[in-house]
Structures are given as structure tokens and as C-alpha cells.
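What follows is a short report on a single structure.
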Amino acid sequence: MTSQELGTGRFLWHMVTFRPWIYIADNLLWTAVYCARLLPGLVAQQAFDALQRGTADPPTIAWISAAFVGTGIAGAVASTAGMTVDVFFRFSVSAVLQRNMLAEILRRPGARALDRSPGEALSVFRDDVEHAEDGSDWTVDMISLSVFAALAMAILVSVNATITIFVFVPLIAIIAVAQIVTRRLQQSRAASQIATSRVTGALGEIFGAVQAVQIARAEQGVVEHFRRLSDSRRKTVLRERAFSLLTGSVYWNTVYLGTGMILLLGARAMREGTFTVGDFALFVSYLGFVTEFSGFIGLFLTQYKQLGVSVGRMLALMRGGATNVPAAELVDNTPLDLTGPLPGERPAGATPPPRPTGEGARERARDRAVDKLQRLNAVGLSYHFGRGPNGAERGPGIENVSITLRRGTFTVVTGRVGAGKTTLLRILLGLLPR
């Protein structure tokens with residue numbers, strides 16, 4: 001199963017528009033946080049130029065000091081507010097994904113709710129949802145850093161256009177590398193997630209069958225099996241981590257080479273007199289932030305490529321092998337009811353409705369008594385498990401069963417192992433389709 005029907009871009013669009021006002025507020029606050037970094041550089045430029053000209057009198061020094069303090073306070077306030085709103089956005093993304101997957105699983109018959117072990121399902125609910133949450137949240141940083149980079153570039157171009165070009169040249173190399181390694185990134189991510197799911201699935205099965213393992217004296221075999229799974233997971237995770245570190249090192253070293261070129265060009269321009277000390281201070285103060293933007297683009301592209309794997313795994317868990325579950329169910333705009341009383345719940349302190357009395361109450365009591373199940377009839381009930389991938393029958397199932405169960409009676413169903421006793425009970429309880 002692939003996630004082509006729900007591409008990564010479309011998935012992110014649904015996530016960021018799930019609660020648009022929270023997302024917009026998050027973007028505005030973090031754009032303010034990043035853009036606040038521009039102010040200290042401009043203040044430093046004015047301060048060093050004033051020192052170079054010899055015009056740094058006490059009022060000028062006081063103004064510069066106040067400007068430094070003010071920009072620091074503004075950045076701290078915006079950062080605190082941004083982190084607060086960001087928590088709500090991240091929680092909304094993970095909550096709606098987990099809620100939609102769980103709702104679709106609970107709609108299926110109980111005996112077919114999961115197409116994998118509970119441990120493997122928990123791995124998807126935890127790891128893949130967390131990866132999707134990170135991918136959605138990083139779009140906020142991407143937009144905010146892009147606005148910051150555009151403003152920083154406009155300021156730097158006004159100072160020295162030639163040197164500014166070398167600030168953004170590394171971006172070309174970073175984007176090119178990210179496109180080249182796309183397939184490898186997706187393969188390593190998929191292998192790592194599958195290996196992790198196998199480990200968590202094995203843990204769930206082992207803990208659920210401790211007594212059977214002890215009776216069969218299979219402790220050593222179980223431990224060896226778990227050790228093999230863990231070793232396989234260790235290798236795949238290390239391989240994924242190594243590949244991510246390799247691409248990250250390419251990104252950052254490309255940025256550092258560009259930084260060195262900028263410093264050399266700046267020193268040369270200062271010697272020629274076309275670059276002031278304040279200009280140099282401005283470039284140096286922006287350099288760290290601009291390189292952070294360049295490196296983050298590479299990391300974001302890596303995250304974007306790997307996100308498609310997590311989307312595919314969430315869809316596969318939600319569908320459980322069925323073909324009639326649309327991909328849109330995963331990103332459905334579902335109310336979460338995070339505040340206030342739960343649906344159908346009476347608020348605390350509310351007066352309960354009055355208990356009915358008289359003839360009306362007796363009539364409703366009789367209606368409730370009529371609603372009780374008095375007899376269960378099953379006529380010609382049949383169920384077949386079908387055939388497996390190799391064409392062999394998975395089990396005989398049951399054929400043409402007729403049974404009547406009356407209220408207040410006790411019925412025993414007996415038969416050989418595999419005769420279909422459990423299958424019959426599951427059908428009567430609605431855990432398997434008739």
C-alpha cells in the first residue's frame with residue numbers, strides 16, 4: 001500500500017487547516033520571534049559605526065543600550081507566546097490522527113479489528129503520529145524562517161549585494177542533495193519503522209503468552225527470537241541514523257564553506273574601504289541565523305520525504321486490509337471535544353432531570369421491560385473463512401446452523417477443537433459478519 005492517494009503535500013494541507021486560527025497564530029508569533037533577531041544586528045551596526053566615527057556620546061550609548069534591552073524583551077515575549085500556541089497546534093495534529101485511526105478500527109468487527117499485533121499498532125499510533133506531528137509543525141518554522149530570510153536578504157543587499165549572494169548560494173547545493181537522496185531516505189525510514197513495529201509486536205505477544213511459554217518451557221527460544229528482532233531493529237535504526245547524519249553533515253558543511261567565503265569577502269571589502277565595521281558586525285550577527293535557515297531547509301526536505309512513509313503506515317493500519325476506506329478518513333476534520341463536558345455528559349453541579357411519576361412512569365417502565373431481549377433466533381447461519389494467499393482453506397467455519405436461545409436459560413455449545421464453537425459465538429455477538 002502506498003500513500004499516493006494521500007500525498008505528503010495534501011496531508012500537510014489538511015493538518016495545517018484542521019484548526020486554521022491556531023496555525024495562523026502560531027505562524028504570526030514565530031515569524032515575530034525570528035524577525036526579532038534582525039533588530040540586534042541593526043542596533044549593533046549603528047553602534048559600531050558610531051564608535052568608528054567617534055560620535056558615541058552618552059545619549060547615543062544610552063539609546064543603543066535601551067534598544068538592545070528592548071529587542072531582547074520583545075523576542076522573549078514572542079518566544080514564550082509562540083511556544084504556548086505551538087503546544088496546542090502539535091497536540092491537535094496528533095490527537096485528530098489518533099482519534100480518526102481508532103474510530104475506524106472500532107467500526108470493524110471485533111475479530112478483524114487489527115491486521116497486525118497490538119504492539120505493531122501501538123508503534124504506528126506512537127512513532128508515525130509523532131513523525132506526522134513534527135512534519136506539520138516544521139511547516140511553521142519553514143514559513144517563519146523564510147520570511148526572516150527574505151527580510152535579512154533585503155537588508156544585506158542594501159549593504160553589499162555581492163557578499164549577500166554568497167550567503168544564499170549554499171541553498172542550491174542543499175536542495176540538489178536532498179532531491180538526489182530522496183529514495184534512499186524513504187527506504188531507510190520504512191525499514192526502521194517496520195523493524196520497530198516487529199519488536200513492539202513481539203513484546204506484546206510475549207507478555208500476553210507468559211503462561212504458555214512457561215508451560216512449553218520455551219523461554220530460551222523466545223529470548224533468542226526477541227534478540228534477533230532487536231538486533232535487526234538496531235541495524236536498521238543505525239543505518240537510518242547514519243544516513244540522516246551523512247546528509248545533515250553535507251548540508252551544514254556546505255553552509256560553513258559559504259560562511260568562510262563571506263568572511264573573506266567582508267575582510268577584503270573593509271580593507272578597500274567599501275565595508276564599514278558596522279556593516280561587518282551586521283553580516284556577522286545575521287550569519288548564524290541565515291546558516292540556520294539554510295541547514296534547516298535540508299532537514300525539512302529530509303523530514304518531508306520520510307513523512308510519506310508514516311502516512312502510508314497510518315493508512316494501512318486504519319484500513320486493515322480493506323479497500324473501501326477512503327484516505328480522507330485519516331485527515332477528517334473531527335471535533336475533539338477538548339474543553340467542556342463530554343458529549344451527552346451532564347455538567348458538574350447541574351440539576352438532574354426530575355424522575356417521572358404516575359401513569360406515564362409506569363408505561364415507560366413497561367416499555368423498558370418489552371425492550372429486553374427475550375429470545376434469540378438464528379436460522380441457517382453460515383460463515384466461511386475463505387482461502388489464504390496460497391489457495392489453502394483457512395478453516396472450515398460453520399455451515400447451516402440454526403439455534404434458539406431463550407431468556408433465563410443456560411445453553412452449552414460443545415464440539416471438537418476447530419469445529420466452530422468460537423466462530424459461532426463471535427457471529428452471535430457481532431464480532432464477525434454474518
Does the side chain of [Y] come within less than 4.5 Å of [X]'s, by heavy atoms?
X	Y	answer
Y304	L12	yes
E130	F125	no
C35	L151	yes
M318	I105	no
R217	E219	yes

_Residue among E240, R241, R239 satisfying side chain to side chain donor-acceptor pair (under 3.5 Å) with S192_ =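 By the side chain to side chain donor-acceptor pair (under 3.5 Å) criterion, S192 pairs with just one of E240, R241, R239: E240.
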*Is the backbone of L229 close enough, under 3.5 Å, to the side chain of S232 for a donor and an acceptor to pair up by distance?*
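Checking the backbone N and O of L229 against the side chain of S232, no donor-acceptor pair under 3.5 Å is found.
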Identify the heavy atoms of [X] and [Y] that sit nearest to each other, and give their distance.
X	Y	value
M15	V331	CE-CG1, 3.7 Å
T196	D127	CG2-OD2, 3.6 Å
D128	M314	CB-CG, 4.1 Å
G380	N400	CA-OD1, 3.2 Å
L97	A132	CD1-CB, 3.8 Å
E133	V93	CA-CG1, 3.9 Å

_Within this structure, what is the CG-CZ distance for the pair D141 and F148, rounded to the nearest 0.5 Å?_
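So the CG of D141 and the CZ of F148 are separated by 13.0 Å.
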_Distance in Å, R19 CZ paired with I24 CD1, rounded so as to fall on 0.5 Å steps_ =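 Spacing of CZ (R19) from CD1 (I24) equals 14.0 Å.
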*Heavy-atom neighbours of F88 CZ exceed 12 at 6.0 Å*: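 Atom CZ in F88 is not packed in, count stays at 12 or less.
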*With no hydrogens and no angle check, do the side chains of T139 and Y23 hold a donor and an acceptor under 3.5 Å apart?*
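Side-chain D/A pair, T139 to Y23: present.
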*Indicate whether any N or O donor in one side chain lies under 3.5 Å from an N or O acceptor in the other, for W138 and D134.*
no
*For side-chain contact (heavy atoms from CB on, under 4.5 Å), just list the numbers for R313 and L317, CA-CA rounded to whole Å, side-chain angles, deciding distance to a tenth of an Å, and then say yes or no.*
CA-CA 6 Å; R313 283 167 53 85; L317 173 64; over 6 Å; no
*Apply salt bridge (charged side-chain N to carboxylate O under 4.0 Å, His left out) to R228 and D231, showing your working.*
CA-CA 5 Å; R228 287 194 297 271; D231 188 59; over 6 Å; no
*Step by step, work out the side-chain contact (heavy atoms from CB on, under 4.5 Å) result for V147 and Y34.*
CA-CA 9 Å; V147 174; Y34 288 119; over 6 Å; no
